[in-house]
Q: 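Encoded as structure tokens, here's the structure I'll be asking about.
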Amino acid sequence: MELGVTRELETVQGEDESSPESKITRRRFTQMASVLVASLTLPAVSTAFASSSSIKGVRLWRSPDKTRLVFDLSDNIDHKIFPLTNPQRLVVDIKDTRLPGSLSKLELGQTPIGAVRWATRQSKDLRIVLDLKQKVTPRSFVLKPNETYGYRLVVDLFDEQKATQTTHAPVIKQTNRDIVIAIDAGHGGEDPGAVGHRGAREKDVVLAIARDVAKLFEQAQGFKPVMIRTGDYYISLRERTRKARRHNADFFVSIHADAFTRKSANGASVFTLSQRGATSEAARWLANKENSADLVGGEDGVSLGDKDDVLARVLLDLSMTDSQSRSEKAGSKVLSQLGRVNRLHKSKVEQAAFVVLKNPDIPSILVETGFISNPGEASKLITRAHQRKLARAIHTGVKEFFIKYPPAGTLIANNRSNAGRATYRVRRGDTLSGIASKHSVSLNQLLAYNSMSVRDTLKVGQLLRIP
């Protein structure tokens, strides 16, 4: 049993089992309790391996469409991955790298990984074998250090059923449809966002608020909420807007609780997209901070030379005027409501170049619920009572906007139209044909609209609806 596992690791690429390199160490662990996130910190590498890179920690993240395995590294590395079948496995070879500890305590949870084995090859390289329970589409890349992490090797395992969905059938917006609100909880997974007073994490606070906003819209007739992030996992900034578009969202609200260099900074804010730059120094700083999220998660975004981005810029030119106007009106409603439960950082809607707001055809706002770096605000932001108040403020503001400016073809628009529809109260001497002619409609239209026939008798004071 022991020798069999060792040989499999050695001979994946046809190595000689009798060679000195075949005397390797390996470990194996099986599936453990179901969890969303698992992490493991490994001991420091010994001085004997000072010239090699080492794995300092491993984290495992599960999202709706993929599993992300992240190796924290002491230095940059060269690596390659390749799949094997019968049974399904993924091999990860990392050159000149040591694993000084054990992975036996890493919890797999609801991931496609059934077990993990590893071994030292040629006395210096590391081979990791992922035993898979199902077929996946793998991808790997190395990330350079940033403000939060050092070098990292990221291995993404995309679920096969998700990876093969290359096209998305357009959703036809029916008459009397619900207004779709895309609710985006900022950051998540590898990207904790701002870490504030007493270790409060932005990603946790805003996810709780976003869930509350979604529940409120679920209870509101004529509205349908769509959560962009439903758990603690990473989504790139571009993918957040793409997901909103796939759901044919009528509105996009991204929820944050940022930090600033001064702990005294406080108050809630609402932002819309600025094509000319930020309207204040704080807005510019916050935009740069939020846009760096893709550097944390390893997504490069879409370059200006990309076809999708060119198309987006064309759409931006064509429809941004209307979208921006609606964004500002909705933002003002939300800001007004936030002012009832929290101090405002600025008394008007600000503008900044947030990547997540670059929806050319979807009105979008970004809400900073407060500064988590401020001790006073952080102590409130982590409480459920204050989170619910903020959620109600966001919900009420957005709802008020759409009650006043509903998109055509929605239930809200239809109700609003019916509420203001013309009516006529029958007077003495009136006839059905005379009323129809007076309002420039046909007799048949008037009869059908009021569920009447030509044989019906009019009564003085009777109220007729006019098509």
Side-chain angles (χ1 to χ4, degrees), residues 63-65 162 165 167-186 188 206-231 233 235 237-256 270 272-273 315 319 322-334 337-338 356-367 369 387-419:
S63 63
D65 63 341
K162 300 287 184 180
Q165 292 177 357
T167 60
H168 300 275
V171 178
I172 300 175
K173 296 185 176 181
Q174 303 293 338
T175 304
N176 291 340
R177 66 176 179 84
D178 290 336
I179 296 173
V180 180
I181 308 297
I183 305 166
D184 173 42
V206 298
L207 180 58
I209 296 172
R211 285 171 172 165
D212 289 336
V213 174
K215 288 178 182 177
L216 291 170
F217 275 114
E218 286 173 356
Q219 299 166 5
Q221 185 182 25
F223 290 89
K224 177 186 176 181
V226 172
M227 287 282 288
I228 299 299
R229 175 169 72 88
T230 58
Y233 50 85
I235 304 180
L237 299 177
R238 298 285 184 177
E239 177 58 25
R240 293 170 192 259
T241 60
R242 285 193 289 263
K243 185 173 181 179
R245 183 165 288 104
R246 287 197 295 269
H247 284 276
N248 276 7
D250 296 285
F251 193 76
F252 180 92
V253 53
S254 189
I255 303 173
H256 294 257
V270 175
T272 60
L273 179 66
L315 291 172
S319 62
D322 178 68
S323 179
Q324 185 72 4
S325 175
R326 293 175 69 83
S327 298
E328 291 175 1
K329 289 177 181 177
S332 295
K333 296 282 188 184
V334 172
Q337 291 296 324
L338 286 171
V356 78
L357 296 182
K358 291 185 177 180
N359 280 308
D361 51 347
I362 306 176
S364 306
I365 64 173
L366 185 144
V367 177
T369 55
Q387 289 168 0
R388 291 190 182 100
K389 289 180 181 178
L390 292 168
R392 282 194 295 270
I394 295 171
H395 165 263
T396 301
V398 174
K399 185 178 178 181
E400 283 184 353
F401 166 76
F402 278 107
I403 293 297
K404 189 172 183 179
Y405 305 103
T410 62
L411 177 64
I412 302 298
N414 184 55
N415 291 343
R416 180 179 174 84
S417 178
N418 287 338

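Residue numbers count from 1 along this sequence.
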Q: Between Glu400 and Lys329, is a side chain to side chain contact (heavy atoms under 4.5 Å, CB included) present by the stated rule, with each step listed?
A: CA-CA 10 Å; Glu400 283 184 353; Lys329 289 177 181 177; over 6 Å; no
Q: Students often mix this up, so state it plainly: with edges at 30° and 60°, are the rings of Phe251 and Phe401 parallel, tilted or perpendicular?
A: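 Correct class here is tilted.
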Q: Which heavy atom in Ser327 sits nearest to a heavy atom in Pro363, and how many Å separate them?
A: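 Smallest heavy-atom distance, with atoms named: OG-CA, 3.2 Å.
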Q: Count the heavy atoms belonging to other residues, nucleotides or ligands that lie under 6.0 Å from NZ of Lys224, then report whether that count exceeds 12.
A: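 Count not over threshold, so no.
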Q: Between Arg229 (side chain) and Gly186 (backbone), is there a donor-acceptor pair under 3.5 Å?
A: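 Looks like yes, one N/O pair under 3.5 Å.
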Q: If you define the side chain from C-beta out and look only at heavy atoms, does anything of Arg326 sit under 4.5 Å from Pro407?
A: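 Yes; the side chains approach each other to less than 4.5 Å.
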Q: Can you tell me how far CG of Asn248 sits from CD1 of Ile362, rounded to the nearest 0.5 angstrom?
A: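 One finds 8.0 Å between CD1 of Ile362 and CG of Asn248.
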Q: Look up atom CG in Leu216 and atom CZ in Phe223, then write down how far apart they are to the nearest 0.5 Å.
A: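 With rounding to 0.5 Å, CG (Leu216) is 12.0 Å from CZ (Phe223).
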Q: Can you see which heavy atom on Asp212 is nearest to which on Ala391, and at what distance?
A: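 Scanning both residues completely, I find the closest heavy atoms to be CB-CB, 3.4 Å.
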Q: Taking all heavy atoms of Ala244 and all of Ala182, pick out the closest pair and write down the distance.
A: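 Heavy atoms only, the tightest pair is CB-CB, 3.9 Å.
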Q: Between Arg240 and Ser254, is there a donor-acceptor pair closer than 3.5 Å when you use the side chain of the first and the backbone of the second?
A: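 Side chain of Arg240 to backbone of Ser254, a donor-acceptor pair under 3.5 Å: no, none is there.
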Q: To the nearest 0.5 Å, what is the distance between CD1 (Ile403) and CD1 (Ile412)?
A: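 Separation between the atoms: 4.0 Å.
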Q: Taking all atoms of both residues into account, what is the closest heavy-atom pair of Val180 and His247, and its distance?
A: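 Closest approach of Val180 to His247, heavy atoms only: CG1-O, 3.8 Å.
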Q: I need the minimum non-hydrogen distance between Ala214 and Met227, along with the two atoms involved.
A: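 So the two residues come closest at CB-SD, 3.8 Å.
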Q: Distance check, rounded to the nearest 0.5 Å: Thr410 atom OG1 versus Asp250 atom CG?
A: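 It is 7.5 Å, given to the nearest 0.5 Å.
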Q: Rounded to the nearest 0.5 Å, how far does CZ of Phe402 lie from CD1 of Ile179?
A: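 One gets 5.5 Å once the value is rounded to the nearest 0.5 Å.
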Q: Does the Gln337 side chain pair with the main chain of Arg392, one donor and one acceptor, at a distance under 3.5 Å?
A: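 Pair absent, no side-chain N/O of Gln337 close to backbone of Arg392.
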Q: Using 0.5 Å steps for rounding, measure from the OG atom of Ser364 to the CD atom of Gln324.
A: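 Separation between the atoms: 9.0 Å.
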Q: Out of Val213, Leu338, Val206, which one pairs with Leu390 under the side-chain contact (heavy atoms from CB on, under 4.5 Å) rule?
A: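 Single pass found, and it is Leu338.
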Q: Applying salt bridge (charged side-chain N to carboxylate O under 4.0 Å, His left out) to Lys215 and Glu218, what does each step give before you reach the verdict?
A: CA-CA 5 Å; Lys215 288 178 182 177; Glu218 286 173 356; over 6 Å; no
Q: Heavy-atom distance under 4.5 Å between the side chains of Ile183 and Ile394, does that happen here?
A: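 When only atoms from C-beta onward are counted, Ile394 and Ile183 do not touch, as no gap falls below 4.5 Å.
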Q: Backbone N or O of Val356 within a donor-acceptor pair of the Thr241 side chain at under 3.5 Å?
A: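 No, the answer is negative, given that no donor and acceptor are paired below the 3.5 Å cut-off.
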Q: Within a strict 4.5 Å, meaning less than it, do heavy atoms of the Leu207 and Gln387 side chains meet?
A: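 Side chain of Leu207 against side chain of Gln387, heavy atoms only: no contact under 4.5 Å found.
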Q: Using every non-hydrogen atom in the two residues, find where Ile235 and Ile228 come nearest and quote the distance to one decimal.
A: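 Smallest interatomic distance, heavy atoms only, reads CD1-O, 3.2 Å.
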